[in-house]
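Only one structure is covered here, and it is reproduced in the block below.
Letters go in sequence order (proteins before strands), and every chain restarts at 1.
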There are 2 protein chains.
Amino acid sequence: MKILSRACNYGIRALIYMVANNGGQENTSIGEISEELDISFHFLTKTFQELNRANLLKSSRGPNGGVALTRPAADISMMEIILVIEGDDFFDTCLLGLPDCGNGAPCPIHEVWKDKKDKMRLEFETTSLADLGVRVSEDKMRITI
Amino acid sequence: MKILSRACNYGIRALIYMVANNGGQENTSIGEISEELDISFHFLTKTFQELNRANLLKSSRGPNGGVALTRPAADISMMEIILVIEGDDFFDTCLLGLPDCGNGAPCPIHEVWKDKKDKMRLEFETTSLADLGVRVSEDKMRITI
DNA sequence: ACAGGATAAGATATAATAGTCTTATATCTT
DNA sequence: AAGATATAAGACTATTATATCTTATCCTGT
Ligand code: SF4
Ligand code: SF4
């Protein structure tokens with residue numbers, strides 16, 4: 001059961017790292033992140049570029065360059081990140097993978113699935129990057145692979 | 001957000017069709033199903049073979065051949081179908097896609113995700129093929145593409 | 001100005017998934 | 001026994017997702 005693409009997975013984990021590391025407001029180099037989290041550097045870079053274009057973070061080149069959040073981590077929800085990386089239609093899909101049948105001709109399990117989806121969306125909307133980062137810092141848990 | 005593979009999607013929809021059509025205990029030809037649901041015949045056949053080997057259904061060749069359920073539709077849960085097609089580890093994965101970290105070194109959103117997963121599993125376990133088929137027959141909804 | 005450190009961008013490679021085609025085999029009807 | 005009908009199985013192709021490699025561009029400190 002794969003919910004998120006690899007790119008999204010990496011993106012979220014990378015952002016959590018930044019927040020846990022320096023709050024996310026200061027530059028962190030992609031190289032450092034990719035090394036710490038053991039993520040392909042170039043792949044991660046591409047993902048960051050998307051977040052960049054979506055103005056979730058800003059990047060700067062050269063020495064002391066890197067990426068940093070444009071807003072406080074507490075203001076950024078998991079939802080935003082997911083939508084940027086997976087696309088705006090992320091929650092429009094259905095359990096059976098049929099597009100656009102939510103209203104017109106729903107299948108038998110539509111209601112059940114819709115309910116689960118709504119709850120998950122709410123969770124994503126109300127969980128901020130700061131939430132995630134803080135819990136990591138407290139080291140209830142580490143991010144490992 | 002793709003939860004189920006195409007093969008699983010097809011498999012479930014095909015079984016629902018069988019149940020809605022003749023209760024699932026009588027032979028239905030794969031050709032008919034694939035045509036009605038507009039699913040690739042050969043691809044569907046392959047999926048059926050898996051369900052076959054798992055003894056969820058039996059097949060017979062020749063005229064009047066086809067596939068039929070081995071047990072009453074009410075006794076077959078969505079869960080069984082999913083596990084056969086997607087593999088037994090279907091529910092072992094996590095939101096971030098990291099394998100085997102549920103116990104050892106869980107990530108920040110582990111609890112939240114586990115909860116959602118458990119509820120979905122329960123849903124799949126308690127929803128039988130008969131449930132799905134009946135709702136289709138009542139035509140609260142059609143299965144369309 | 002220059003050198004080195006950093007991201008940007010695009011081309012290429014690999015792997016996983018999905019779909020198609022061909023041949024074999026079993027079963028029913030006549 | 002023959003022919004039609006149906007699944008079984010495996011080879012092949014196409015598409016998408018993931019990963020890597022190469023080159024370009026920008027920024028900073030000296
Ligand atoms: S009816 Fe709902 S759950 Fe069913 S296939 Fe359509 S969108 Fe998905
Ligand atoms: S801790 Fe839980 S949710 Fe997080 S990556 Fe591991 S299994 Fe997934």
Any-strand Watson-Crick or G-U partner of D:dT22, both distances under 3.5 Å: C:dA9
Quick one: is B:Y10 getting a side-chain N or O under 4.0 Å of the C:dG19 phosphate, OP1 or OP2? yes
Roughly, in whole Å, what's the span from NZ in B:K2 to P in C:dA16? 14 Å
So does A:R61 reach the base of C:dT7 with its side chain, donor to acceptor, closer than 3.5 Å? yes
Rounded to whole angstroms, how far apart are CD1 on A:I33 and P on C:dA6? 12 Å
In whole Å, what is the span from the CD atom of B:Q49 to the C1' atom of D:dG10? 10 Å
d(CD, A:E50; P, C:dT7) in whole Å: 17 Å
When we call it a touch if two heavy atoms are under 4.0 Å apart, what does A:S29 touch: a base, just sugar-phosphate, or nothing? sugar-phosphate
May I have the distance from A:R6 (atom CZ) to C:dT17 (atom C1'), rounded to whole angstrom? 14 Å
Would you say A:N52 and A:S59 are linked by a side-chain donor-acceptor pair, where the criterion is simply a distance under 3.5 Å? yes
With a 4.0 Å cut-off on N to O distance, would you call A:E86 and B:K2 a salt bridge? no
Using heavy atoms to find the nearest nucleotide of DNA chain C for A:G62 and A:T45 separately, return the residue whose nucleotide is more 5′. A:G62
Side chains of A:N21 and A:E32: is there a donor and an acceptor less than 3.5 Å apart? yes
Whole-Å distance, A:H42 NE2 to D:dT20 C1', equals 8 Å
What is the distance, rounded to the nearest whole Å, between atom CD of B:E35 and atom P of D:dT7? 12 Å
Any strand, both distances under 3.5 Å, Watson-Crick or G-U wobble: C:dT30 pairs with D:dA1
At under 4.0 Å between heavy atoms, what does A:F48 touch on the DNA or RNA strands: base, sugar-phosphate, or nothing? nothing
At under 4.0 Å, does any side-chain N or O of A:S40 touch on OP1 or OP2 of D:dT18? no
Should A:L37 and A:L44 be marked as a side-chain contact (heavy atoms from CB on, under 4.5 Å) after you check the CA-CA gap, both sets of side-chain angles, and the distance that decides it? CA-CA 10 Å; A:L37 302 184; A:L44 182 55; over 6 Å; no
Can you check whether A:S59 has a side-chain N or O nearer than 4.0 Å to OP1 or OP2 of C:dA8? yes
Tell me which of A:K46 and B:F41 sits closer to the 5' end of DNA chain D, going by the nucleotide each one is nearest to. B:F41
Rounded to whole angstroms, how far apart are CG on B:N64 and P on D:dT7? 11 Å
Classify the ring geometry of B:F124 against B:F91: parallel below 30°, tilted from 30° to 60°, perpendicular beyond 60°. tilted
